[in-house]
Structure formats: C-alpha cells, structure tokens
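Only one structure is covered here, and it is reproduced in the block below.
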Amino acid sequence: MNDSKNSITLPDHIAIIMDGNGRWAKKRGLPRSAGHRQGANAIQNLAIECDKLGLKYLTVYAFSTENWTRPQKEIDSLMSLIREFLEDTEKKFEKQNIRIRTIGRLDRLESDIVEGIKRTVKNNAQKTGLTFTMAIDYGSRDEIIHAVKQIIKNGIKEEDINEELFNSYLYTHDLPYPDLIIRPSGEQRLSNFLLWQASYSELWYSNILWPDFRIKHMIEAIKVYNKRERRFGGIK
Ligand code: FPP
C-alpha cells in the first residue's frame, strides 16, 4: 500500500523486538519497571499510529520463554503491565479498528492473564484494520517443538510433511511471514523470535531505546526497507 503523505510503500507485516527498556530507566536513575511501563505506553501508541497508517500486521515481542529467568520482581512487574495492558487496551482501542491476538504458551501464565487474553481476542475479533499480535511467553524453539509434537500426535505421515503443513502448526499460522523486523537499542540478534518466519525478513536495527521509539522511527525503517532488493534466494 502506498502512503503518499510519507511516500512510502508499506510492507504487510512488521515485527518488533522491543528492547532497551532497562537501559532507558537506568539512564534516568529509575527502576527497570519504569522502563517497561514507558515501553508499554510506546507500543500502545505505536499500534494506534500503525492502524492509522494502514499497516496490516504488527507483531511485538512482549515476554519471551527466556524472560522467566529474570528476577521474580521484574517478572511480576512485566506480568502486571501485560495484565493492565489487556484491560486498558480494550478501552484505549475501543474506537480503533485493531484486531488483537497473541502467540506463545498459555500454560505458564496466571489464569487471570489467560482470561484477559481470551476476552481481548474475542472482543476485538471482528475488527478489520491492523492485526496486532503480542508474543507472550513466546520462544521460537518452543514453538517449533510444540509444532513437531502436534504433528506426531496427529499422526501426520512423513510424505505429507512440507513447509506449508509445518507452518500451519505454528502459533503464527494465520499471519504472513514478517517482511521487516525492527530491533532498537543497538543489539543485532533475533533472540529466539520468529526464527522460522524470519527466513527472508529484512532486518533493521537502531540505537534508539524502545521507550523512545515513535512512528517517525518506524517510517524511517520502512524507507530503508523500501530500498532493499528482496530476492528470496532467487535472482533478479
Ligand atoms: C527488553 O528490554 C524488553 C522486554 C523484556 C519486555 C518488553 C515489554 C514491554 C515493552 C512492556 C510490556 C509489553 C506489553 C505489550 C504490555 P530489556 O528489559 O531487556 O532492556 P535492557 O536490554 O535495556 O535491559
């Protein structure tokens, strides 16, 4: 889709590794939880802006399978934010055309968070604008192992296993592969995020810390993406 105001062609699906909350807080002498809170505000506002822009899919890494190794206090503050986000988002996105869904395991989350996820997904299921996916207790390796187990459980025959079938067993089965993956904060790695799905994604890194990330940074990333030549392993 072409957005003449900014002269950009939007990719279909952008995924973000929201990194740098802790450093943002440390720079200000604040607790890490304050960085996460600002990070949650940043994604809430960005999702609204992305919907306005006409983006179809936005996926964000909110809590990884490895984040359980953080101190309990930090895990608690992240879970409280996710809880609050699910409550607030319903109000804040009430007038938006945003469809919310999540990817990741549900079996290790507190039951009220699981309920919050189910309620939010259901209440926004009819929306037709941006599909906003939050990865919560998500890890790509875990997702792949989960898919393999389901394939075995369903007795799928070896000759029927191909990329399309395997993809249909991933949490992201109803999402297109991400065209562009954004990671702020200066780190340049995928950290167990969408490994299968990212095979031909374009990557964009920036030194900005996640709580400072705004739609203008995303537009900057899209402009760079627009200049990339995507060959998907072929030649042009
Ligand atoms: C990485 O920053 C960020 C996370 C582990 C969590 C991301 C969570 C949020 C933005 C808030 C909650 C999200 C939602 C959708 C409610 P870091 O803590 O590793 O930062 P650092 O590398 O600077 O320490």
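Just so you know, ligand 1 is whichever comes first in the structure, and atom 1 is the first atom listed for that ligand. Fair warning: this is a prediction, and the values are worked out from it, not measured in the lab.
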Query raised in the report: Side chains of Arg105 and Thr65: do they bring a donor and an acceptor to under 3.5 Å?
Result: no

Requested in this report: Establish, from distance only, whether the side-chain atoms of His36 and Ser77 form a donor-acceptor pair under 3.5 Å.
Outcome: no

[X] neighbourhood, listing ligand 1 atoms whose heavy-atom distance to it stays under 4.0 Å:
X     : result
Arg70 : 5 (C), 17 (P), 18 (O), 19 (O)
Arg23 : 21 (P), 22 (O), 23 (O)
Phe85 : 16 (C)
Gly39 : 10 (C)

Shortest protein contact, [atom] (heavy atom only):
atom                    : value
atom 3 (C) of ligand 1  : Met18 O, 3.0 Å
atom 15 (C) of ligand 1 : Met134 SD, 3.7 Å
atom 20 (O) of ligand 1 : Gly22 N, 3.0 Å
atom 11 (C) of ligand 1 : His36 O, 3.5 Å

Please work out whether the ring planes of [X] and [Y] are parallel, tilted or perpendicular, with thresholds of 30° and 60°.
X      : Y      : answer
Phe132 : Phe85  : tilted
Phe232 : Tyr200 : tilted
His217 : Phe213 : tilted

Taking non-hydrogen atoms only, is [X] closer than 4.0 angstrom to ligand 1 via side chain, backbone, both or neither?
X      : value
Gln44  : neither
Glu187 : neither
Arg32  : side chain
Asn67  : side chain

Query raised in the report: Under a heavy-atom criterion of less than 4.0 Å, does Arg37 contact ligand 1?
Result: no

N/O separation below 3.5 Å, [X] to ligand 1:
X     : value
Asp19 : yes
Asn21 : yes
Ala62 : no
Trp24 : no

Requested in this report: Any pair with a residue in residues 167-179 that passes salt bridge (charged side-chain N to carboxylate O under 4.0 Å, His left out), sequence neighbours left out, goes on the list, sorted by first then second residue, please.
Outcome: Arg101-Asp174, Asp179-Arg230

Query raised in the report: How far does CG of Leu53 sit from CD1 of Ile48, to the nearest 0.5 angstrom?
Result: 13.5 Å

Would you give me the side-chain donor-acceptor pairs under 3.5 Å for residues 156-166, sequence neighbours excluded?
unit_1 : atom_1 : unit_2 : atom_2 : d
Asn162 : OD1    : Glu164 : N      : 3.2
Asn162 : OD1    : Leu165 : N      : 2.8

**Report entry** NZ/NE/NH1/NH2 to OD/OE distance under 4.0 Å, Lys92 and Glu94
**Finding:** no

Query raised in the report: Do His146 and Tyr171 have their ring centres less than 6.0 Å from each other?
Result: yes

Query - Closest to atom 12 (C) of ligand 1 (judged by heavy-atom distance), picking from Gly186, Ser185, Gly35, Ala40 - result: Ala40

Query raised in the report: Are any non-hydrogen side-chain atoms of Ile182 and Met218 less than 4.5 angstrom apart?
Result: yes

